[in-house]
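Have a look at the structure below, then the notes.
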Amino acid sequence: MARFLARSALDEVLARLARSYHLHWPGKLRGKTGYIPWQAGQESMLDHNPDATVKELFLPRTEVLMEFDDGQEKTSRPLAVFGVRPCDARAVHLLDRVFVEQPPVDGPYQERRQGALFIGMACPQPQMTCFCSTVGGGPFDTVGLDVLLTPVDEGWVAEAASTAGEEYLEQEAWPEATKEQQAQARAEKDQARAVAEEVELEGLAKKLEASFEAPVWERLHEKCLGCAVCTYYCPTCHCFDVTDTDKARLRTWDSCMFPLFTLHTSGHNPRLSGKERMRQRVMHKFCYFPLRLEDHACVGCGRCIELCPVNLDIRQVLAELGGCL
Amino acid sequence: MSNPYVPKSARIEEIITETAVNDVKTFRMVFTESEDRESFRYEPGQFAELSLPGVGEAPISITSSPTQEGYLEFSIKKAGKLTTALHHAEVGQEVGIRGPYGNVFPVDSLEGKDLQFIAGGIGLAPLRSLFNYCIDPKNRQRFGSIVMIYGARSPGDLVFKWELEKWAEAEDLALYVTVDRGDEQWDGRVGFVPAILMDVSPSPNNAVAITCGPPIMIKFVIQSLEELGFTPEQIVTTLEMRMKCGIGKCGRCNIGSQYVCLDGPVFTYAQLKEMPQEY
Amino acid sequence: MVQEQLRKEAARLLREGEVDVFIGYARGSLPAQSTVVFARSSEDAQELVFDPTCHPNLAVYLPRFKKERVGVVVKACDARALVELIRERQVDPDKVLAIGVECPGVIDRDRWEEGMSLDDGEWKEALAVACEHCRLPAVDLFHCWLGEKKVAVEEADAQVSSSPIDEDSEERYRWFSAEMEKCIRCYACRQACPACYCPECFTDRSHPDWVSPVHEPPEAMLFHLVRTLHLAGRCTDCGACARACPQNINLLALHRRMEAEAVRRFGYLSGQDPDAPSLLGSFSKDDSDDFIK
């Protein structure tokens with residue numbers, strides 16, 4: 001049953017959520033935007049897909065894997081994210097494949113992930129950089145979500161997307177959405193701009209596998225500066241480093257764009273130049289990940305396109321790879 | 001919640017200095033807890049993540065054989081941060097071990113075959129696990145002839161000299177030790193491993209070659225093996241890659257869609273030929 | 001106009017074999033963002049554009065080409081960087097043909113708002129900070145020049161109004177800490193910088209690991225301070241680092257402060273003359289020594 005969450009009831013709903021969850025929602029973060037801990041009275045930025053991805057909540061930039069002095073078990077409330085976009089939710093679903101579904105289970109990740117509630121915000125007005133539909137998602141996609149909210153007059157139509165979502169809506173007991181509200185939500189969905197680019201992903205993984213040595217890579221990587229903007233802003237990139245401090249063993253984000261990423265202690269580096277590193281990034285997303293885990297490791301959020309200093313647009317890279325191989 | 005990154009605690013029982021230049025040491029380690037001694041079941045070819053708190057972790061192949069019960073051995077070249085710290089360690093020091101990780105040498109498919117081991121330098125370490133497994137009296141009759149060709153740059157670079165002597169005396173195997181350059185005391189073979197391989201000239205019939213060593217040696221050994229008639233399926237090697245997690249999460253040891261920590265480190269040459277040349 | 005001339009000359013250079021590759025800007029996939037093209041034929045040269053979206057400094061690509069003859073389009077700021085690359089022997093001046101273009105200033109993507117027009121000066125609202133402070137190299141560096149040579153020249157030690165970098169230390173440290181807290185160490189600043197051509201940056205070493213990958217402000221501070229010091233007398237204030245930064249860190253405040261010190265103490269201005277001695281590599285008995293106490 002579709003329910004209606006009135007804008008006027010939002011503060012109450014969020015306050016209730018924050019009692020049982022460590023609640024996050026889109027907000028301002030050091031001059032940019034990200035998923036920040038909710039506090040009463042904060043300015044709502046629910047119409048905005050944050051610059052920083054939701055990945056950071058489950059795979060923080062720096063995370064303690066183990067403490068050397070055997071610190072006490074932390075007990076914490078599960079995470080809830082209010083207003084997460086379908087692309088970011090789908091990304092976490094993809095991270096689950098690596099960290100939870102592919103054995104062994106990654107304990108520290110699972111600890112954050114377990115019991116997390118995702119209340120998603122549909123995306124009726126995708127940006128110029130969006131291409132979620134191309135990679136199997138969509139502005140109203142519910143993969144990875146527990147509840148999907150669709151903006152209508154005075155509030156949102158809420159639909160459960162998982163058992164946890166059903167339970168949450170049951171417990172909240174918001175009024176049933178009226179026929180008009182439901183019709184408006186449906187209309188929003190139908191009129192949402194198709195965000196599919198002219199990129200054919202069917203069979204791309206196999207094609208890419210055969211194209212490792214293709215000359216097209218010489219050209220494709222040429223403008224790449226070799227920074228890690230694309231990987232650090234990617235909601236699915238999950239490569240990490242493990243290092244020690246005096247007190248703990250830590251997991252920190254790492255990037256395949258850095259030469260150090262694959263540098264052997266002997267000095268040998270299997271990915272010596274920018275060409276190999278940029279190829280690795282594209283291949284991991286559209287070939288290796290699909291071959292191992294049967295989905296593209298890209299959700300089409302467009303952050304890499306928006307932030308690349310030289311406008312190396314992954315859509316054009318894919319189009320070229322699709323056509324050139 | 002179980003945390004795969006938390007290592008089991010072990011103690012260094014013995015340290016053997018392997019090379020004259022003092023850059024390879026073999027560490028014999030024993031788990032502190034008896035339940036860990038029981039539960040750590042490994043097979044030849046696998047590796048473990050060794051760690052020292054505050055220093056870091058590194059993946060190291062297990063050089064002991066599962067037939068040697070009660071302890072683990074790791075032969076470690078002093079190269080990076082952790083291995084340097086381990087070289088400064090003393091008997092009794094605690095070390096973290098997690099694993100075993102990676103795939104294993106295809107022991108079952110080696111049964112009934114003639115085994116040709118070819119190792120160079122510290123590359124003997126991962127092969128030694130399988131070698132000792134195969135020549136163990138409990139297993140020896142499962143395999144045909146067993147030959148080991150082992151070479152190093154100089155006599156001082158040979159590792160496991162203490163064991164080479166034992167192997168040389170054994171009757172049910174053939175051992176060829178060679179060095180690229182001899183010295184005054186050296187009265188053994190002098191010559192590159194691939195050349196010795198051609199001299200020994202093992203028959204490819206019902207045989208498997210298992211090789212590990214510096215990349216350049218492996219390259220020429222494979223050429224020689226192919227010349228001798230070994231097919232890519234009959235050549236097995238084990239790879240080295242920069243790794244962090246060891247469990248297929250951190251995303252750096254892949255070669256194409258294969259993760260060296262999950263699908264390797266043991267690969268046949270036939271498999272390697274199907275993979276991108278990025279190792 | 002400039003764009004037409006540029007396409008024509010680049011096409012000629014490629015057609016007549018005067019250069020093997022021509023590096024320029026092409027239309028990007030977003031309104032405020034050009035992209036980079038490596039033209040290898042006169043047909044490729046038809047992709048070239050020049051407008052305020054052409055903000056990357058193309059000199060960054062030049063050290064990659066050791067053998068080929070390279071044509072490149074340079075704004076005044078890129079030309080200053082080229083001067084430094086020639087001086088530091090990273091670029092062979094005989095193998096580079098630089099086409100200078102009159103530049104009205106470039107857009108800072110973070111100041112850009114959707115719908116701003118490029119034609120009627122509306123975009124000037126989004127003018128990059130570095131452009132307020134433009135100057136042209138004094139030497140005859142260019143193969144040719146397109147447009148007029150009118151470039152605003154301001155004092156190089158102009159203060160950066162938006163940062164308290166010159167104020168008392170406590171306030172300055174607060175400001176610096178806040179800026180460094182933003183840094184995610186993606187190294188876009190370093191990668192976009194023509195002067196950051198070291199084959200191995202000190203951050204790319206694991207043994208010893210000078211900088212830890214831990215996401216903490218002191219690690220970011222270490223990186224940015226070392227980079228700033230390493231750019232002393234070499235940074236040409238093109239602002240490419242700040243425009244590449246996805247976190248809007250005020251990098252120019254750091255680099256300009258260093259530049260101002262060079263001017264104040266040694267009367268030294270980078271990016272003017274490839275034959276001038278380098279700041280750190282030269283000594284004069286008249287040099288100020290007031291830092292030695």
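Chain letters run A, B, ... following the sequence lines, proteins first, then strands; residues in each count from 1.
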Report yes if the side chains of A/His268 and B/Pro215 come closer than 4.5 Å at any heavy-atom pair, otherwise no.
no

Proximal component of A/Phe212, with respect to chain B [non-hydrogen, under 4.5 Å]
side chain

Could you give the distance from OG (B/Ser2) to CD (A/Gln110), rounded to the nearest 0.5 Å?
9.0 Å

Proximal component of A/Arg97, with respect to chain B [non-hydrogen, under 4.5 Å]
neither

Among A/Ala205, A/Pro103, A/Cys239, residue most engaged with chain B (heavy-atom pairs, under 4.5 Å):
A/Cys239

Any chance NZ of B/Lys8 has more than 12 other-residue heavy atoms, nucleotides or ligands included, within less than 6.0 Å?
no

Checking heavy-atom separations under 4.5 Å from chain A, one finds in residues 150-160 of chain B none

State the OG1-CE distance between A/Thr262 and B/Met243, to the nearest 0.5 angstrom.
13.0 Å

Only heavy atoms, only distances under 4.5 angstrom. Which residues in residues 248-259 of chain B are near chain A?
B/Gly248, B/Lys249, B/Cys250, B/Gly251, B/Arg252, B/Asn254, B/Gly256, B/Ser257, B/Gln258, B/Tyr259

Below 4.5 Å from any heavy atom of chain B, which atoms of A/Asp254 appear? Answer side chain, backbone, both or neither.
side chain

What distance separates A/Asp244 CG from B/Leu52 CG, expressed to the nearest 0.5 Å?
8.5 Å

Are more than 12 heavy atoms, taken from residues, nucleotides or ligands other than A/Arg61, located less than 6.0 Å from that residue's CZ atom?
yes

So A/Pro270 and B/Arg242, do their side chains get closer than 4.5 Å, heavy atoms only?
no

With chain A as the partner, which of B/Ala58, B/Gly56, B/Pro7 has the greatest number of non-hydrogen pairs under 4.5 Å?
B/Gly56

Would you name the heavy atoms of A/Gln102 and B/Leu262 that are closest together and state the gap between them?
NE2-CD1, 3.8 Å

Does a sphere of radius 6.0 Å around NZ in B/Lys161 hold more than 12 heavy atoms from other residues, nucleotides or ligands, not counting ones at 6.0 Å or beyond?
yes

Can you tell me how far CZ of A/Phe99 sits from SG of B/Cys245, rounded to the nearest 0.5 angstrom?
8.0 Å

Which residues in residues 30-47 of chain B have any heavy atom lying under 4.5 Å from a heavy atom of chain A?
none

B/Tyr279 versus chain A, heavy atoms under 4.5 Å apart: side chain, backbone, both or neither?
backbone

Under 6.0 Å from the CD atom of B/Glu274, do we count more than 12 heavy atoms belonging to anything else shown?
no

For residues B/Lys244 and A/Arg251, determine if any side-chain heavy atom of one lies less than 4.5 Å from a side-chain heavy atom of the other.
no

Within the 4.5 Å heavy-atom criterion, are A/Ser266 and B/Glu240 side-chain neighbours or not?
no

Proximal component of B/Val6, with respect to chain A [non-hydrogen, under 4.5 Å]
both

Contact origin within A/Glu276 toward chain B - heavy atom pairs under 4.5 Å:
both

Among residues 285-301 of chain A, which residues come closer than 4.5 Å to chain B, judged by heavy atom distances?
A/Tyr288, A/Leu291, A/Arg292

Do B/Glu57 and A/Thr243 touch side chain to side chain, with heavy atoms closer than 4.5 Å?
no

